[in-house]
Amino acid sequence: MSYRDLNPSLRTIMTPGPVEVEPRVLRALSTPIVGQFDPEFTVIMDETMEMLRKLFQTNNQWAFPIDGTSRAGLEAVLSSIIEQEDVVLVPIYGRFGHLLTEIAQRYGAQVTNMETTWGQVFDPADVIQEIDRVKPKIVAMVHGETSTGCLQPLKEIGEACRERDILFVVDAVASIGGVDVRVDEWKIDACIGGTQKCLSAPSGMAPVTFNSRIESLLLERKKVEQGLTDLKASELSKRRMIRSNYFDLSQLMDYWSPVRLNHHTEATSMLYALRESLRIVLEEGLEARFARHQLHEKALMQGLQAMGLELYGDSRSKLPVVTCIAIPEGIDGESVRSMLLRDFEIEIASSFGPLKGKIWRIGSMGFSCRKKNILSVLGALEAVLIRHGAQVKPSEGTQAALDVYHQHQN
Ligand SMILES: *Cc1c(COP(=O)(O)O)cnc(C)c1O
C-alpha cells in the first residue's frame with residue numbers, strides 16, 4: 001500500500017496564525033542540516049540572537065528562541081521565575097490572559113486577576129491601582145489580544161512596575177513583527193514572541209528576550225538550589241519552585257552563550273526559518289513594516305464597513321493585525337467560513353469563549369498582509385454573504401479598499 005504525495009493546497013490564509021509562510025523562509029527550511037556545535041551553526045545562532053534584539057528593540061544580552069510553540073516561550077519565562085506562593089497579577093481582556101493565568105498557577109503562583117469587558121483594554125491607571133493593592137512580584141500581560149483584536153498600551157504599566165521593583169512579563173506573540181514592541185523603552189523585563197504570526201514562519205519556535213533583572217533572579221535561584229546562599233534553613237524551605245528541565249532559562253542561557261553547554265538539540269531547520277524571517281523583517285525595516293500593516297488594516301476596515309458590516313471592539317484600542325467583524329443577525333458564521341474555504345480557498349477565523357459564534361476575525365499578518373489578500377478576502381466575503389442572504393452593499397467593499405490603496409500611491 002502506498003500513500004499519496006503530500007500536496008497541501010495553496011490557501012489564502014487570513015487568520016491570526018498560522019499565516020502564509022514567506023517563500024524565502026520555505027526555501028531556508030529545505031537547506032542542509034549541520035551539527036549543532038558546528039561553527040557554521042553557532043554563527044547562525046549568534047546572528048539570530050543579534051537580529052532578535054533588533055526585533056524586540058532591546059539591548060538585552062539574552063534574546064533567543066525557545067523550541068516549541070509560542071506558549072513554550074510563555075512557560076519557559078514563567079516557570080523560571082515563579083516560586084511557590086509568589087503573587088502574580090494577570091489583567092485579563094481576552095483568551096490569552098487566561099492562558100498566562102493557567103501557566104502561572106501550574107507553577108504554584110497565587111494569581112490575582114482583574115478583568116475588563118472583552119473588546120476593550122485596560123486604562124493603565126486602573127492596572128497600576130490594582131498593582132498597589134495586590135503588591136505582586138510579577139505582572140504578566142498580553143500586548144496584542146488575538147481573541148478580541150485589541151492592543152493594550154504597556155508603557156505606563158511597565159514604568160510603574162519598574163518603580164516598584166516588580167517584574168513585568170509581556171506576551172507579544174501576536175504583535176511582534178507587525179506592531180511596535182519596545183521592550184527597553186516600555187520597561188518590559190521579559191517579552192515573548194511567536195513565529196507563526198507576523199514573522200510569517202511556521203509555528204514551532206518562541207523568540208524570547210529578558211533583561212538582567214530576570215537574570216539576577218535566575219542566578220539567585222541557582223544558588224539557592226546549590227545551597228550556596230546565606231539563607232537560614234527555615235527561609236530556604238520557603239523557597240520552593242517547580243522546575244522544568246526543558247524550559248530552564250538558566251540552562252538555556254548556558255546553551256545560547258559561548259559556553260555552549262549542551263541542553264537540547266537545537267531545532268536546526270526552524271532556526272534557519274527564524275533567521276530568514278528576521279532577515280526579511282529587518283530588510284523591510286521595522287517602521288516600514290508597521291506602516292505596511294496599518295495601510296492594509298485601513299483598506300480592510302474601510303472595505304468591510306463600506307460593505308455594511310460592523311466591526312467588533314473599541315476602535316481606539318484596535319490591534320492593527322487582527323480585525324474582528326460582528327456576524328450579522330441571522331447569518332451562520334461557520335457556514336460562511338466553510339464556503340470561503342471551499343469555494344475561494346480563503347481561511348478566516350472564528351473566536352472563542354463569549355465571542356464564539358458572534359464574531360469573525362481576519363488576520364493581516366506578515367506575508368499574508370498584502371493587497372492581493374485583502375482585496376480577495378473582501379470580494380469573496382461579499383459573494384459568500386450574498387449567497388447567504390445577508391444585506392450587503394454589492395461591490396462597495398472592494399471599491400473602498402481600492403480607494404485606500406490608490407490614495408496611498410498618490
Ligand atoms: C497565538 C498566541 C499564543 C499561543 O501561541 P501558540 O503558538 O499556539 O502556542 C499566545 N498568545 C497570543 C497573544 C497569541 O496570539
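The model shown is predicted, which means the values in this text are computed figures rather than measured ones. We count ligands from 1, going down the list as the structure has it; atoms in each ligand are counted the same way.
Screening Phe247, Trp256, Tyr255 against His264 for a ring-ring contact (aromatic ring centres under 6.0 Å, His included) leaves a single residue, Tyr255. Put simply, the residue from Lys137, Lys187, Arg213 that forms a salt bridge (charged side-chain N to carboxylate O under 4.0 Å, His left out) with Asp165 is Arg213.
Side-chain polar atoms of Asn60 and Asn211 form no donor-acceptor pair below 3.5 angstrom. Using modelled atom types and a 3.5 Å distance limit, the side chains of Ser364 and His293 yield no donor-acceptor pair.
Shown here are the side chain to side chain contact (heavy atoms under 4.5 Å, CB included) partners of Thr48, two or more places apart in sequence or in another chain: Ile44, Leu52, Leu271, Leu274, Arg275, Leu278.
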Tabulation required: pairs of a nitrogen or oxygen in ligand 1 and a protein nitrogen or oxygen under 3.5 Å; columns are atom names and distance to 0.1 Å; otherwise 'none'.
from: ligand 1; atom 1: 5 (O); to: Ser70; atom 2: OG; distance (Å): 3.4
from: ligand 1; atom 1: 7 (O); to: Ser70; atom 2: N; distance (Å): 3.0
from: ligand 1; atom 1: 7 (O); to: Ser70; atom 2: OG; distance (Å): 3.0
from: ligand 1; atom 1: 7 (O); to: Gln196; atom 2: NE2; distance (Å): 2.7
from: ligand 1; atom 1: 9 (O); to: Thr69; atom 2: OG1; distance (Å): 2.7
from: ligand 1; atom 1: 9 (O); to: Ser70; atom 2: N; distance (Å): 3.3
from: ligand 1; atom 1: 9 (O); to: Arg71; atom 2: N; distance (Å): 2.9
from: ligand 1; atom 1: 9 (O); to: Arg71; atom 2: NE; distance (Å): 3.2
from: ligand 1; atom 1: 11 (N); to: Asp171; atom 2: OD1; distance (Å): 3.4
from: ligand 1; atom 1: 11 (N); to: Asp171; atom 2: OD2; distance (Å): 2.6
from: ligand 1; atom 1: 15 (O); to: Thr146; atom 2: OG1; distance (Å): 2.3
from: ligand 1; atom 1: 15 (O); to: Lys197; atom 2: NZ; distance (Å): 2.6

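The cationic atom of Arg370 (NZ for Lys, CZ for Arg) lies less than 6.0 Å from the six-membered ring centre of Phe367 and within 45° of the ring axis.
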